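See structure below.
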2 protein chains.
Amino acid sequence: MPRAATTSDAFNAVAEPRRRDILNYLALQERAVGDIVDSLELEQPSVSKHLRVLRDVGLVHVRRDGRRMLYRTNAEAIRPLHEWSSTFERLWSNQLLRVKQRAELKSGTSNNSDHNIGQPRNTKQPKEDA
Amino acid sequence: MPRAATTSDAFNAVAEPRRRDILNYLALQERAVGDIVDSLELEQPSVSKHLRVLRDVGLVHVRRDGRRMLYRTNAEAIRPLHEWSSTFERLWSNQLLRVKQRAELKSGTSNNSDHNIGQPRNTKQPKEDA
DNA sequence: TTGACATATTCCTGTATGGGTATATGTTAT
DNA sequence: ATAACATATACCCATACAGGAATATGTCAA
């Protein structure tokens with residue numbers, strides 16, 4: 001099986017840098033395709049294709065204005081991504097803290113006691129190691 | 001050109017659901033490959049391959065323990081993802097707010113005044129529309 | 001209707017997957 | 001040295017890109 005479709009979810013859609021650029025660009029104002037082409041310096045067909053993907057995943061909204069199509073980022077659709085990454089937020093604080101502590105007191109006192117993100121499905125806790 | 005390599009950055013690496021599962025699993029404790037295999041119910045070679053990708057992107061740390069390899073999530077490497085998605089945080093609040101406002105007062109008073117994420121490169125502002 | 005303008009879609013192609021299976025590499029125990 | 005255990009790599013394959021070029025679709029203007 002190849003990689004999952006870019007249209008399968010926000011994670012896959014956003015993996016492409018140009019699409020992130022587009023989302024940034026469309027975050028505050030709705031814009032016409034031509035504006036994206038000019039501003040991001042991409043080929044028009046390329047932009048249309050990227051927009052197609054973003055649209056399929058719900059990352060952008062579209063509206064017709066005469067002959068133009070106005071796109072705008074749908075921030076809501078980015079939330080899952082943000083929430084998933086937030087799961088690790090406190091971890092990197094801890095990790096930095098740990099490094100600090102190790103540097104200050106040169107004794108090996110490890111503190112391990114975070115929260116939920118542990119076992120996903122089976123919850124089949126092996127030995128343990130830290 | 002096909003899609004960018006999964007090892008090109010965290011965004012691409014994390015696009016694969018199994019890899020996110022693995023990162024979740026390795027978030028709190030370092031674990032041996034076999035434990036991941038058992039817990040996530042994946043084939044061993046598959047897990048090794050995913051770990052290879054995660055390792056190349058710096059999303060996990062490895063350490064040898066006898067014949068076992070102990071992996072652990074490197075939360076730091078997830079930050080870029082979190083920061084990018086955070087850019088849109090206030091937007092979805094605003095969008096929800098807007099919907100609310102529209103529902104309450106049925107007059108069309110749009111408020112547009114966010115922050116930076118607008119033009120990426122050229123800064124070629126078209127008309128305006130909200 | 002015809003043409004200009006704006007955007008979308010189609011076709012073609014090289015390539016990097018991810019899964020499955022088999023096998024190589026590395027480490028410990030006997 | 002040999003076998004068992006733990007992981008990593010190598011192969012093979014079907015597939016979904018993403019870019020480029022050409023063309024189709026849709027809308028407004030004259």
Side-chain angles (χ1 to χ4, degrees), chain A residues 1-23 25-26 30-57 60-72 126-127 129, chain B residues 1-23 25-26 30-57 59-72 124 126-127 129:
Chain A
M1 244 161 258
R3 223 186 298 194
T6 55
T7 53
S8 56
D9 60 21
F11 285 91
N12 279 282
V14 156
E16 164 65 49
R18 300 323 175 18
R19 282 196 285 265
R20 289 200 297 281
D21 290 343
I22 293 177
L23 289 175
Y25 186 65
L26 298 177
E30 58 180 355
R31 309 276 199 174
V33 178
D35 294 332
I36 305 175
V37 170
D38 293 345
S39 295
L40 302 192
E41 292 178 320
L42 300 172
E43 302 287 335
Q44 176 268 312
S46 180
V47 170
S48 279
K49 282 185 224 165
H50 283 314
L51 287 170
R52 180 62 167 150
V53 171
L54 294 174
R55 195 159 173 271
D56 284 349
V57 186
V60 295
H61 286 143
V62 212
R63 176 169 81 83
R64 161 153 262 140
D65 171 39
R67 11 182 158 176
R68 306 188 310 164
M69 294 294 265
L70 300 178
Y71 285 82
R72 191 180 54 173
K127 328 296 137 48
D129 27 29
Chain B
M1 246 160 258
R3 227 187 294 192
T6 56
T7 54
S8 56
D9 61 20
F11 285 91
N12 279 282
V14 155
E16 165 65 51
R18 300 320 175 21
R19 283 196 283 266
R20 289 200 298 280
D21 290 344
I22 292 177
L23 288 176
Y25 186 65
L26 298 176
E30 56 179 358
R31 309 275 198 174
V33 178
D35 294 332
I36 304 175
V37 171
D38 293 345
S39 295
L40 302 192
E41 294 179 317
L42 299 172
E43 301 287 334
Q44 178 268 312
S46 181
V47 171
S48 279
K49 282 185 226 164
H50 283 314
L51 287 172
R52 180 63 167 147
V53 172
L54 294 174
R55 196 161 170 269
D56 285 349
V57 187
L59 278 164
V60 295
H61 286 143
V62 212
R63 176 169 80 85
R64 159 153 263 139
D65 172 39
R67 12 183 157 175
R68 305 188 309 162
M69 295 294 266
L70 300 179
Y71 285 83
R72 191 181 52 173
K124 181 190 178 180
K127 328 297 139 48
D129 26 19

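Hydrogens, waters and symmetry mates are skipped; everything else that's a heavy atom, side chains included, is used. From a predicted model like this one, the values you see are computed outputs, not experimental measurements.
- Of the candidates C:dC11, C:dG20, C:dA16, the closest approach to any side-chain atom of B:K49 belongs to C:dG20.
- One can place CD1 of A:I22 at 13 Å from P of C:dT7, the figure rounded to the nearest angstrom.
- Following rounding to the nearest Å, B:N12 (CG) and D:dA16 (P) show an atom-to-atom distance of 18 Å.
- When distances are taken from the side chain of B:V33 to each of C:dA6, D:dA18, D:dT7, the shortest belongs to D:dT7.
- The CE atom of B:M69 sits 6.0 Å away from the CZ atom of B:R55 when rounded to the nearest 0.5 Å.
- Residue-level contact check: B:T6 touches the backbone only, with heavy atoms under 4.0 Å from sugar-phosphate atoms and none from bases.
- We find the NZ-CD distance between A:K49 and A:E43 to be 10.0 Å, quoted to the nearest 0.5 Å.
- Note on B:R55: nothing from the nucleic acid sits closer than 4.0 angstrom, heavy atoms only.
- Across the interface with DNA chain D, nearest-nucleotide mapping of A:P2 and A:S46 shows A:P2 to be the residue nearer the 5′ end.
- For A:P45, whose side chain is taken as the heavy atoms from C-beta onward, the closest listed nucleotide among D:dA18, D:dA22, D:dG20 is D:dA22.
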Handout entry: side chain to side chain contact (heavy atoms under 4.5 Å, CB included) between A:R18 and A:D21, intermediate numbers included
Key = CA-CA 5 Å; A:R18 300 323 175 18; A:D21 290 343; 4.1 Å; yes

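- A residue-by-residue look at A:V62 and B:T7 shows that A:V62 has its nearest nucleotide of DNA chain C further toward the 5' end.
- The side chain of A:R64 has D:dT27 as its nearest neighbour among C:dG19, D:dT27, D:dT7.
- Between A:L42 atom CG and D:dA18 atom C1' the separation is 12 Å, expressed in whole Å.
- Both B:Q44 and A:V53 lie near DNA chain D, and the one whose nearest nucleotide falls closer to the 5' end is B:Q44.
- With rounding to whole Å, B:E43 atom CD is found 16 Å from D:dA10 atom C1'.
- The residue among A:A4 and A:Y71 whose nearest nucleotide of DNA chain C is located toward the 5' end is A:Y71.
- Of the candidates A:V57, A:T6, A:V14, A:T6 is the only one forming a side chain to side chain contact (heavy atoms under 4.5 Å, CB included) with A:R19.
- In this structure, the nucleotide among C:dA8, C:dT9, C:dG20 sitting nearest to the side chain of A:M69 is C:dA8.
- In this structure, CG of A:D65 is placed 13 Å from C1' of C:dT7, rounded to the nearest angstrom.
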Handout entry: Test side chain to side chain contact (heavy atoms under 4.5 Å, CB included) applied to A:I36 and A:L51, step by step
Key = CA-CA 10 Å; A:I36 305 175; A:L51 287 170; 4.0 Å; yes

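- Across the protein-nucleic acid pair, B:D21 atom CG and C:dG18 atom C1' stand 15 Å apart, rounded to whole Å.
- Of the listed nucleotides (D:dA8, D:dA18, C:dG18), C:dG18 has the atom at the smallest distance from the side chain of A:R3.
- The two residues B:L59 and B:A13 have their closest heavy-atom pair at CD1-CB, 3.9 Å.
- When rounded to the nearest whole Å, the span between CG of A:D38 and C1' of C:dC5 equals 14 Å.
- Considering only the side chain of A:S48, C:dT9 comes nearest among C:dT9, D:dA29, D:dT7.
- As rounded to whole Å, 15 Å separates atom P of C:dA16 from atom CZ of B:R19.
- Between B:R68 and the phosphate of C:dT27, there is no side-chain N or O to OP1/OP2 separation shorter than 4.0 Å.
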